[in-house]
Amino acid sequence: MLNVPPQAFPAPGSQQRVAASGRAKVPLKPGRSLMDWIRLTKSGKDLTGLKGRLVEVTEDELAKHNKKEDCWICIRGFVYNVTPYMEYHPGGEDELMKAAGTDGTDLFDQVHRWVNYESMLKECLVGRMAVKPIAAPKEISSTLSEERKQLNGMLSEKGVLGASAKDLMLSYDWFQTDSLITIVIYTKKKDLSAELVIVDCQDKRLRGEIIIDDHSYLVEVDLYHAVQEDLAVNITEKIGKVEIILKKNDNIHWKMLGQPMENHNTFIKRTDRGLFYRKCKLVSKTEVTHDTKLFCLMLPKSTHLHVPTGQHVYLKQIIAGTEVVKPYTPVLPFLPLDFKEPSCRDGAHIYLMIKIYSCGPFTQALEHLQVGDYVSVSNPEGNFKKSQVQTSEDLFLLAAGTGFTPMVKLLDFALTEVSCLRTVKLIFFNKTEDDILWRNQLEQLALKDKRFEVKFILSQPTKDWMGKEGKISSSLLSEFVKRSSKYSKVLICICGPTPFTEQGVQYLKDLGYSQEEIHAFTA
Ligand code: HEM
């Protein structure tokens, strides 16, 4: 079945870098970097072979273009000639060929739905698929058209789309005083925490998203009148009620809340929701090691967003006119030693520890940002669940390089909030001593908290290194990953470059750890 676009581009999906098992970046030939590709797309060369014409493509026609030297792929109803991109694809030609002559939407989304193909392949656009969009079920379309007319108060449960929405009985309402507009969302979800509520208000566009398991409920409205920049979000956790409080710009009576946006009042799978970005201001950039920096970004006052432990965000930058997106897992400004420091979790800032690559256009662009400049930051994503830690007695964290980033919040969470944990051990793999991130802080934490232990393992140490030397291996893991007692419940989290993670998972399985006891940070 062909995927015809329901909307423009639902571009959503880190060790800092995410990767699903079985896939890896391949070395590209010289002259085939991202920058080279961007240059080629700007060269004015005819990359589709159609001299700028856009055509309607039938399934039969698409299927004919299934060779490396003539390869078309359909994504979300649009067909691209990816032949010129073949040698530039970081996942390799064979991976790209898996979708040759077919609708590659699902495959693309499984691997990297966050990659901004629309921008990267705009010069490769052949045209649209010649299929009609599948009509929405009657109930849905009539509900939407009813709603499109205007938003003027309480919506019945019928206004919520999606199979399980009715059971959940999601709904919203709004009311006003002279100076305030309050939107109330009723989810009936018990223990609705702040992390599950994401609210943004930009230029009169209000967007409130509630995450309920792997689904997302959205209230998205073009407001009737302007509001002030700062907003407040109140959550009544026990009954799952969310109040979004907006300050009117002018104290006038609003006849209605506003016009609903396309996805307003929908309840769909989280992964089907397009990524939403807001611009965050760079507040500071500090050195962590010779090649890694800590970026502090400030969320707008009109954003309510908390990145859950173990989840990542996407940063989007325009590089030479092309949108490029990369995933990063936020950290804390430092490792809290007393576990009471409120400023670490103020909700207004996002801290990212990013390795700057001398040949990486994305991190070079970040490196060149000045304090006060803006970067687009997405909603959080990721499949890690805190409950995995909450039931563990022994927690092992295996990290390589910047694969340390998801471990930061995880460590904080484990040592602060999980009382059943007996041991927490970080096994941190690096090339040299100079590459170790936050070494001092980790050593201090180990002194302070008897449950925590850290082991540094170097693959290229100098001869003065007194510690352990090597790369991830079965023998190293059997030495360091041990249950504190025969039946203790264990969780092992692993994050690093794809080969490190994949090998690590395999060694752990060979050592008898079950799938449920291992969490690999991939997206
Ligand atoms: C539909 C078939 C496709 C498959 C099976 C596929 C597979 C892959 C794989 C396996 C990787 C390496 C993943 C990693 O190590 O993170 C990758 C990376 C990448 N692919 Fe694809 N790909 C497909 C289509 C595309 C298309 C159409 C584009 C268009 C722009 C694209 C752009 C990229 C980019 C930019 C990366 C690097 C991501 C990063 O920076 O980490 N891919 N792909």
Side-chain angles (χ1 to χ4, degrees), residues 2-3 9 11-28 32-38 40-41 47-48 62 65-66 68 71-126 275 312-317 319-320 322-329 354-355 357 359-366 378 381-382 400-403 495-503 520-523:
L2 285 156
N3 292 276
F9 172 44
S14 102
Q15 116 197 344
Q16 287 197 5
R17 290 277 342 287
V18 285
S21 61
R23 62 196 183 82
K25 282 195 160 183
V26 300
L28 299 169
R32 296 293 180 269
S33 69
L34 171 64
M35 274 326 281
D36 295 317
W37 171 250
I38 293 175
L40 177 62
T41 61
L47 296 184
T48 58
L62 176 65
H65 302 270
N66 62 352
K68 268 192 186 160
C71 181
W72 291 9
I73 293 178
C74 168
I75 304 178
R76 271 177 263 280
F78 290 91
V79 178
Y80 298 92
N81 182 345
V82 295
T83 324
Y85 185 60
M86 208 48 86
E87 292 191 343
Y88 296 81
H89 179 233
E93 299 187 14
D94 293 346
E95 287 290 329
L96 198 54
M97 280 305 291
K98 286 181 183 165
T102 68
D103 183 346
T105 311
D106 293 340
L107 195 54
F108 180 91
D109 283 352
Q110 274 165 31
V111 188
H112 44 35
R113 74 187 187 105
W114 46 274
V115 165
N116 211 336
Y117 68 93
E118 266 199 328
S119 180
M120 293 178 65
L121 298 181
K122 56 180 180 281
E123 299 307 323
C124 300
L125 184 65
V126 169
L275 273 187
H312 53 271
V313 292
Y314 298 96
L315 300 191
K316 183 166 77 180
Q317 296 187 99
I319 295 173
T322 298
E323 278 185 8
V324 184
V325 177
K326 298 274 175 194
Y328 293 98
T329 307
I354 297 177
K355 179 167 169 179
Y357 294 90
C359 300
F362 194 87
T363 56
Q364 279 301 322
L366 284 175
S378 80
E381 284 209 343
T402 46
C495 189
T498 310
F500 169 88
T501 309
E502 285 178 356
Q503 281 165 23
F521 279 95
T522 60

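Small disclaimer: the values here were computed from a predicted structure and weren't measured. Whatever order the structure lists them in is the order used to number ligands and atoms, beginning at 1.
Salt bridge status for Asp106 with Arg113: absent, with no side-chain N to carboxylate O gap under 4.0 Å.
Under a 4.0 Å criterion applied to the non-hydrogen atoms of Lys326, ligand 1 contributes the atoms 39 (C), 40 (O). The ligand atoms of ligand 1 that sit less than 4.0 angstrom from a heavy atom of Ala99 are 1 (C), 2 (C). Ligand 1 places these atoms under 4.0 Å from at least one heavy atom of Val111: 7 (C), 8 (C), 9 (C), 10 (C).
At a 4.0 Å heavy-atom cut-off, ligand 1 touches Ile75 through the side chain alone. Contacts with ligand 1 closer than 4.0 Å are made by side-chain heavy atoms of Trp114 only, the backbone lying farther away. Only the side chain of Leu121 comes within 4.0 Å of ligand 1, judged by heavy-atom distances.
Residue Val82 places no heavy atom under 4.0 Å from ligand 1.
Heavy-atom minimum distance, Trp114 versus Lys326: CZ3-CA, 4.1 Å. Between Leu366 and Gln317, the shortest heavy-atom distance links the atoms CG-NE2, 3.6 Å. Here the closest heavy-atom approach between residue Phe362 and residue Leu315 is recorded as CZ-O, 3.4 Å.
In this structure, Gln364 contributes its side chain and Cys359 its backbone to no donor-acceptor pair below 3.5 Å. Distance alone, capped at 3.5 Å, places no donor-acceptor pair between the Thr322 side chain and the Met120 backbone. Side-chain N or O atoms of Thr41 include none that pairs as donor or acceptor with a backbone N or O of Glu123 at under 3.5 Å.
Of the candidates Tyr117, Tyr80, Tyr88, Tyr85, the one placing a heavy atom closest to atom 32 (C) of ligand 1 is Tyr85.
Nearest to atom 21 (Fe) of ligand 1, among the N, O or S atoms that His89 has, is NE2.
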